[in-house]
Amino acid sequence: MKHARKCMGLLVAAALVMQAAMPGVQADAKKASKPALSNKTVKVQEGAKKKVTVKNAKGYKLTVKSKQKKIAAVSKKGNAAFVVKGVKAGKTKVICTAKKSKKKVTLTCTVKVNKKSEKAVQPAVSPIPTNNNAGTADTQAPAPTEGSAATQVPVPAATQEPVIGPFPETDQYSDVPYNFADASENVQKGTIEEFAYTSKATNKTHTVLVQLPANYSQDKQYPVLYLFHGENDTESIWKDMAADQIMDNAIAFKAAKEMIVVMPNISGDKDEDVIKDFADDLKPEVEAKYSVAKERYNTAVAGYGLGGRIALNLGLSLPEQVAYMGAFAPVEGLLSNGYFDNASLRIDEKYKDQTLLMIQKGNSDDVAGEAPDSYNKALTDNGSECLYLEMDGEHNNELFKAGLYNFARRIFKRGTQDESIVNGFVTKVPNSVGKPALNRGTIEVIEYDTETYDPGNSQKIHKWANVYLPYNYDPNEKYNILYLMHGGGENADTWIKGDNIYGDYTNNKGMINQLFEDGYCEPCIIVNPTFYRPEGAPEPSDAFDLTVLFQYELRNDLIPAVEAKYSTYAEGDVSIKSLQASRMHRGFAGLSMGSATTYQSAFFGNYDLFAWFAPYSGYFETESGNDADADKLIKIIEEGEANGMPLGYMYCGNGTEDFALGGQLDLMQKALVRSNILVPGRNYDFVLIPGAKHDMNQWHIHLYNTLKIFFTKE
């Protein structure tokens with residue numbers, strides 16, 4: 001068994017920055033008392049959402065939990081509210097805990113989920129053709145045809161416009177991800193065309209650049225994004241700032257929907273002329289030349305600087321034609337040149353729930369200045385929801401590129417869970433996590449018999465592993481279980497107990513204790529094994545072989561030993577059938593060589609026993625190469641879906657300065673672009689820590705994120 005001794009890592013996913021929390025409902029100081037719920041009973045349909053406000057919550061830290069996630073999901077909304085989403089018809093409870101210093105208030109909300117009304121027209125998701133219809137594809141089902149049995153009406157009713165916003169609480173923003181502005185050999189580029197037309201509004205001939213997505217076809221209709229440049233620039237500026245590459249990568253890596261991007265030259269034109277030209281000339285010209293989906297909810301406008309102000313003006317002036325507006329560092333003039341005033345700057349009431357409006361502000365932008373703030377304030381004061389992104393940066397191309405990326409990955413989506421933007425992963429563990437927990441878990445050692453599983457020469461050996469049990473571990477309660485592997489030259493003590501290499505300088509144990517105590521995630525059992533063999537046992541010719549051979553020990557010996565002794569969802573039955581049935585409650589993660597073990601032994605070797613995977617910093621390429629392993633990875637997920645074993649989540653993590661880079665990047669890019677079943681935000685992400693090197697400081701952050709996402713699906 002030979003391996004290339006090359007440690008590589010990472011996919012170009014985003015280094016995410018936590019979004020500022022939305023302001024919650026302010027408590028009346030005179031009436032301030034204990035926190036209370038605005039609704040103690042919530043009725044919601046399957047797939048629909050309802051917001052519950054926590055009154056008198058100022059100064060309290062809220063955590064929320066659904067007693068039955070199969071019936072209703074729940075997520076925090078800012079500092080003083082949460083959102084309940086109906087999953088499946090039934091009845092359950094949501095527990096909201098409010099803490100402030102030593103005060104603790106527990107609030108209970110009863111949730112009744114009703115079946116979705118058959119009359120409601122929602123964006124449908126087609127089932128993947130499988131033996132048991134397990135899993136769903138990321139494509140919309142065709143609408144019922146006139147007179148079909150599905151409609152049961154002689155004349156088809158008008159199609160209800162899809163609800164565009166608001167997006168879920170996971171709607172975080174980020175800078176342009178690592179390498180997203182660079183060409184990738186794994187991404188097929190779209191084509192850029194140029195045409196000219198004469199505008200009746202401006203009485204000029206305008207040049208237009210049009211970027212078509214890869215594999216553009218006249219047989220398919222595409223949504224359209226119109227991009228307006230800033231003052232003193234032309235349409236060519238978008239190519240100069242690699243907007244075409246950002247769009248190609250965003251589409252290929254499923255961060256954005258397929259779309260046509262139109263970049264007109266508006267040099268010297270007034271806002272009102274651009275608006276009239278858009279409606280009378282530009283949009284009709286584009287729709288005549290290309291295969292365009294013409295509905296308003298398939299039309300977006302955006303721009304930076306002057307173009308940002310114009311995009312905002314255009315979208316608010318033509319609400320019947322435009323559903324998405326993106327203003328990147330928009331300059332002043334919208335409220336002072338007679339277009340709008342503070343009282344009239346609003347989204348048309350008719351389209352309030354079918355519009356996404358995003359404004360971006362650079363914190364060091366002295367050109368746009370306070371204009372973005374003033375626009376956001378006026379819109380908010382008038383009851384129009386605005387996604388307001390404050391980011392580091394000046395009034396330059398880097399800021400505008402970040403604006404384009406964040407806008408492009410939100411448009412032409414419906415805010416559903418399957419189209420989640422990101423999952424709120426962090427690139428720095430919050431300082432608040434550093435405080436010591438009052439309730440601390442314990443570590444036990446488990447010993448078990450196994451063997452080397454060397455092909456043709458397997459020998460019996462005796463090994464041990466650490467088992468972390470959460471505070472107040474109850475053998476009568478079922479626990480999720482995470483198998484967490486160390487890296488090269490380390491041992492089972494590395495992650496939580498602390499060893500002679502790292503000690504516990506990143507306080508993993510303390511972090512885990514506090515996250516469990518604060519309700520950040522459900523307490524779980526964590527097993528720290530080792531792929532190394534005891535002293536005196538025969539060693540393979542290549543140490544990397546251990547990351548592959550461990551799959552047999554894991555399946556046959558370690559899991560049975562651990563889960564026969566401790567209370568997991570296998571309920572003491574460690575037969576393969578029982579372990580397969582409980583796979584959604586079992587995860588595997590690891591760093592460096594432990595990352596390779598996650599791929600080789602957990603994912604490739606034991607996918608039927610695990611649903612959650614988190615490889616950090618590395619993939620060790622085998623003789624078959626990345627192409628073959630990417631195809632193998634996809635095949636395993638697709639066959640798993642077809643056989644009722646969906647992927648819970650694959651969280652890949654790395655650092656921009658980590659030497660374990662190229663192979664994992666290439667592997668996961670290939671897998672992502674070749675399969676419709678691996679979807680960022682739904683079952684996959686690659687989180688990149690800026691400036692992070694190959695060390696525990698980085699992996700500490702990835703563990704924090706992993707605990708957030710693991711075991712969140714049934």
Side-chain angles (χ1 to χ4, degrees), residues 191-212 222-241 243-244 259-296 298-341 344-345 348 351 357 367-368 371 375 395 397 400 404 407:
T191 58
I192 296 180
E193 299 183 356
E194 180 180 316
F195 74 86
Y197 72 99
T198 300
S199 168
K200 294 186 288 291
T202 64
N203 198 29
K204 295 190 306 186
T205 298
H206 293 262
T207 303
V208 181
L209 295 179
V210 178
Q211 181 178 355
L212 303 175
Y222 299 85
V224 184
L225 166 61
Y226 294 85
L227 284 180
F228 300 103
H229 59 76
E231 193 171 10
N232 302 322
D233 288 323
T234 68
E235 75 283 358
S236 64
I237 188 65
W238 293 108
K239 186 125 181 15
D240 294 342
M241 67 172 77
D244 59 328
M259 69 185 79
I260 295 172
V261 183
V262 177
M263 298 158 277
N265 186 334
I266 59 169
S267 299
D269 297 334
K270 297 179 181 178
D271 291 38
E272 57 267 32
D273 291 336
V274 176
I275 294 170
K276 182 171 175 50
D277 171 70
F278 176 85
D280 297 344
D281 297 304
L282 174 60
K283 190 168 183 283
E285 191 80 20
V286 169
E287 292 174 351
K289 288 180 177 294
Y290 300 100
S291 184
V292 168
K294 301 177 183 179
E295 300 89 350
R296 71 177 293 276
N298 283 310
T299 306
V301 296
Y304 68 86
L306 177 64
R309 185 189 78 196
I310 288 176
L312 193 56
N313 197 347
L314 190 159
L316 293 174
S317 299
L318 301 175
E320 73 284 353
Q321 296 190 43
V322 176
Y324 305 88
M325 291 164 272
F328 319 146
V331 296
E332 63 181 3
L334 198 60
L335 296 173
S336 58
N337 289 339
Y339 299 118
F340 296 91
D341 57 28
S344 63
L345 191 70
D348 189 299
Y351 301 104
L357 194 160
V367 176
Y375 298 150
H395 198 83
N397 286 358
F400 311 148
L404 173 61
F407 185 64

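Values in this document were obtained by computation on a predicted structure and should not be read as measured data.
Contact record, Val331 with His395: CG1-CE1, 4.4 Å, taken as the closest heavy-atom pair. Listed here is the closest heavy atom pair of Glu193 and Leu212: OE2-CD1, 3.6 Å. Minimum heavy-atom separation, Gly333 to Tyr339: O-CD1, 3.6 Å. When all heavy atoms of Asp233 and Ser267 are compared, the pair lying nearest together is O-OG, 3.1 Å. Here the closest non-hydrogen pair linking Pro330 and Ala371 is O-CB, 3.5 Å. Smallest separation of non-hydrogen atoms from Leu312 and Met325: O-SD, 3.8 Å.
For the pair Thr191 (side chain) and Gln211 (backbone), a donor-acceptor distance under 3.5 Å is absent. Distance alone, capped at 3.5 Å, is enough to place a donor-acceptor pair between the His206 side chain and the Asn265 backbone. Using a distance-only test at 3.5 Å, with no hydrogens or angles considered, no donor-acceptor pair links the side chain of Tyr304 to the main chain of Phe328. Side chain of Ser317 to backbone of Asn313: a donor-acceptor contact under 3.5 angstrom is found.
Every residue two or more places apart in sequence or in another chain was checked for a ring pair (Phe, Tyr, Trp, His ring centres under 6.0 Å) with Tyr290, and none qualifies. Taking Phe228 as the reference, nothing meets the ring pair (Phe, Tyr, Trp, His ring centres under 6.0 Å) condition, with sequence neighbours excluded.
Looking at Leu316 and Leu357, their side chains come closer than 4.5 Å, going by heavy atoms from C-beta outward. Counting heavy atoms from C-beta outward, Leu225 and Leu404 have side chains that approach closer than 4.5 Å. Counting heavy atoms from C-beta outward, Glu194 and Thr207 have side chains that approach closer than 4.5 Å.
The neighbour count for Gln321 CD, taken as heavy atoms of other residues, nucleotides or ligands under 6.0 Å away, is above 12. The number of heavy atoms from other shown groups lying within 6.0 Å of CG (Asn203) does not exceed 12. Heavy-atom neighbours of Lys276 NZ from other residues, nucleotides or ligands within 6.0 Å: at or below the threshold of 12.
In this structure, CG on Asn298 lies 5.0 Å from CD on Glu295, to the nearest 0.5 angstrom. Between atom CD1 of residue Ile266 and atom CD of residue Glu231 there is a gap of 10.0 Å, rounded to the nearest 0.5 Å. The CG atom of Leu334 sits 10.5 Å away from atom CD1 of Ile310, with the distance rounded to the nearest 0.5 Å. Atom CG of Leu335 and atom CG of Asp341 lie 7.5 Å apart (nearest 0.5 Å). Going from atom CG of Leu209 over to atom CG of Leu227 covers 10.5 Å, rounded to the nearest 0.5 Å.
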> side chain to side chain contact (heavy atoms under 4.5 Å, CB included) between Val208 and Glu235: does it pass, once the steps are laid out?
Replying inline: CA-CA 7 Å; Val208 181; Glu235 75 283 358; over 6 Å; no
>> Phe278 vs Thr299, test: side chain to side chain contact (heavy atoms under 4.5 Å, CB included). Steps then yes/no.
In response: CA-CA 12 Å; Phe278 176 85; Thr299 306; 4.2 Å; yes
>> Between Tyr222 and Val261, does the side chain to side chain contact (heavy atoms under 4.5 Å, CB included) criterion hold? Intermediate values first, please.
In response: CA-CA 10 Å; Tyr222 299 85; Val261 183; over 6 Å; no
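Applying the salt bridge (charged side-chain N to carboxylate O under 4.0 Å, His left out) definition to pairs two or more places apart or across chains, those involving residues 304-327 are Asp271-Arg309.
In this structure, Phe400 has its ring center no closer than 6.0 Å to that of Trp238.
Side-chain contact check for Asp277 and Thr202: no donor-acceptor pair (N or O, by modelled atom type) lies under 3.5 Å.
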